[in-house]
Amino acid sequence: MEFILEDISEAEVARRRGVYTPLTDTVRDLVDAVIRTEVSEDALDDARRRIAEVVADLRSKQMDGPYGVRHTRQNTGMAWGNAVIGVRNALAPPLDVVHVDDGVRSDFTLGAAYEGPPGCVHGGVCAMLLDHLLGNAASTEGPCYTGTITIRYLRPTRLGALSARAWVTERTGRKLYAKGTISDAEGVTCEAEGVFIVPRSAVDTPAVRWSQG
Ligand SMILES: CCCCCCCCCCCCCC(=O)SCCNC(=O)CCNC(=O)[C@H](O)C(C)(C)COP(=O)(O)OP(=O)(O)OC[C@H]1O[C@@H](n2cnc3c(N)ncnc32)[C@H](O)[C@@H]1OP(=O)(O)O
């Protein structure tokens, strides 16, 4: 389990981000369209055929295995396959995490692809987002892994515009305790607390700025 050095400039990171982001956004749009389409079954079959052609084009040149967790010499993180922030991952909600004074926050919109209860965000999706954000808040001095996380669902989280934040409450050796919340326009819908651990093997790994994906 290794982080990969991608020896490219910050300008090249930005250029590649600019190339992949619209592609990933279009695939996200495709996912939403498939969930909500009401076109005829013939039209669906035609769509499937055309999408399969695009998949075959993309597969004509592929890397082995997952994208991995990469970083530049300037320690800019490129976790572009990541399930929450991956620039190349259409399954990832489009989560853009920013550092704020007391931790991290993100404003985002969750649509039909994230539904659990009717019109509401799946509880597992809330847990995934909070896990990432708490982990991100705890990872400022080095990569942290989730040890234990507890989520309390206060009321349903409706699909739509949401925000989340996370912050570190305490540090004891390699253990960082963090808390976080997801909120809609009426306030907090669920909250989390967890312990994140800097693995023994990673104590000398430099902190990487993961927030920009
Ligand atoms: C993930 C990277 C992605 C990069 C993208 C960027 C994003 C950043 C955001 C990332 C967010 C995404 C995050 C993800 O998705 S991380 C993915 C989900 N998490 C994992 O897969 C973790 C799997 N477990 C492990 O690797 C090890 O067990 C760890 C590293 C956790 C500890 O193994 P290690 O050998 O180092 O530990 P130790 O035995 O020396 O114990 C040390 C201390 O820790 C205490 N302890 C141990 N285990 C637990 C536990 N489960 N709960 C609570 N406490 C625990 C233990 O009592 C002791 O305390 P004390 O006795 O000293 O008081």
Side-chain angles (χ1 to χ4, degrees), residues 1-8 10 13-14 16-17 20-21 24 63 65-108 110 114 121-152 162-182 190-213:
M1 200 164 59
E2 281 184 17
F3 295 82
I4 302 161
L5 173 65
E6 182 91 34
D7 198 5
I8 56 175
E10 300 301 290
V13 174
R16 292 187 192 178
R17 178 186 290 276
Y20 282 101
T21 298
T24 307
M63 62 187 79
Y67 182 82
V69 184
R70 307 182 189 191
H71 63 90
T72 67
R73 281 199 193 281
Q74 288 74 35
N75 286 333
T76 293
M78 294 173 67
W80 286 6
N82 185 278
V84 180
I85 56 168
V87 166
R88 286 174 170 228
N89 187 351
L91 297 180
L95 213 67
D96 195 10
V97 184
V98 293
H99 284 279
V100 290
D101 281 349
D102 61 344
V104 295
R105 71 166 286 143
S106 183
D107 298 317
F108 51 93
L110 296 181
Y114 302 99
V121 183
H122 194 293
V125 173
C126 293
M128 178 177 75
L129 300 186
L130 285 165
D131 179 29
H132 181 88
L133 285 163
L134 269 63
N136 202 153
S139 290
T140 50
E141 291 169 33
C144 280
Y145 292 80
T146 315
T148 302
I149 187 165
T150 306
I151 316 288
R152 189 176 173 93
L162 298 164
S163 67
R165 49 188 291 266
W167 61 95
V168 172
T169 55
E170 189 189 335
R171 175 168 193 164
T172 315
R174 289 188 288 117
K175 292 191 294 188
L176 290 103
Y177 296 84
K179 288 188 175 177
T181 56
I182 294 178
C190 55
E191 58 192 19
E193 58 183 26
V195 53
F196 294 79
I197 298 160
V198 180
R200 243 175 302 214
S201 58
V203 284
D204 295 326
T205 306
V208 169
R209 295 189 303 273
W210 297 110
S211 308
Q212 300 306 311

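Whatever order the structure lists them in is the order used to number ligands and atoms, beginning at 1.
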message: So, regarding His132 and ligand 1 (criterion: nitrogen or oxygen to nitrogen or oxygen, under 3.5 Å), is there a contact or not?
response: no
query: Any N or O on Ile197 sitting closer than 3.5 Å to an N or O of ligand 1?
result: no
query: What atoms of ligand 1 come within less than 4.0 Å of a heavy atom belonging to Thr148?
result: 50 (C), 51 (N), 52 (N), 53 (C)
query: Excluding sequence neighbours, so at least two apart, what forms salt bridge (Lys or Arg N to Asp or Glu O under 4.0 Å) with Arg88?
result: none
message: Below the 3.5 angstrom mark, is there an N/O of Asn82, backbone or side chain, next to an N/O of ligand 1?
response: no
message: Is there a polar contact, in the sense of an N or O pair closer than 3.5 Å, between Arg174 and ligand 1?
response: yes
message: On the six-membered ring of Tyr20, is Arg16 placed so that its NZ or CZ lies under 6.0 angstrom from the centre and within 45° of the ring axis?
response: no
query: Taking everything shown except Glu2 itself, do over 12 heavy atoms lie less than 6.0 Å from its CD?
result: no
message: Once rounded to the nearest 0.5 Å, what's the spacing between atom CG of Leu130 and atom OG1 of Thr150?
response: 11.5 Å
- request: Would you please test Val13 and Ile8 for side chain to side chain contact (heavy atoms under 4.5 Å, CB included) and show each step?
  value: CA-CA 7 Å; Val13 174; Ile8 56 175; 3.7 Å; yes
Could you list the donor-acceptor pairs under 3.5 angstrom formed between side-chain atoms of residues 191-199 and any protein atom two or more places apart in sequence or on another chain?
none

- prompt: Any nitrogen or oxygen of Asn136, main chain or side chain, under 3.5 Å from a nitrogen or oxygen of ligand 1?
  reply: no
field: Ligand-residue contact atoms, ligand 1 with Gly147, heavy atoms, under 4.0 Å
entry: 50 (C), 51 (N), 52 (N)
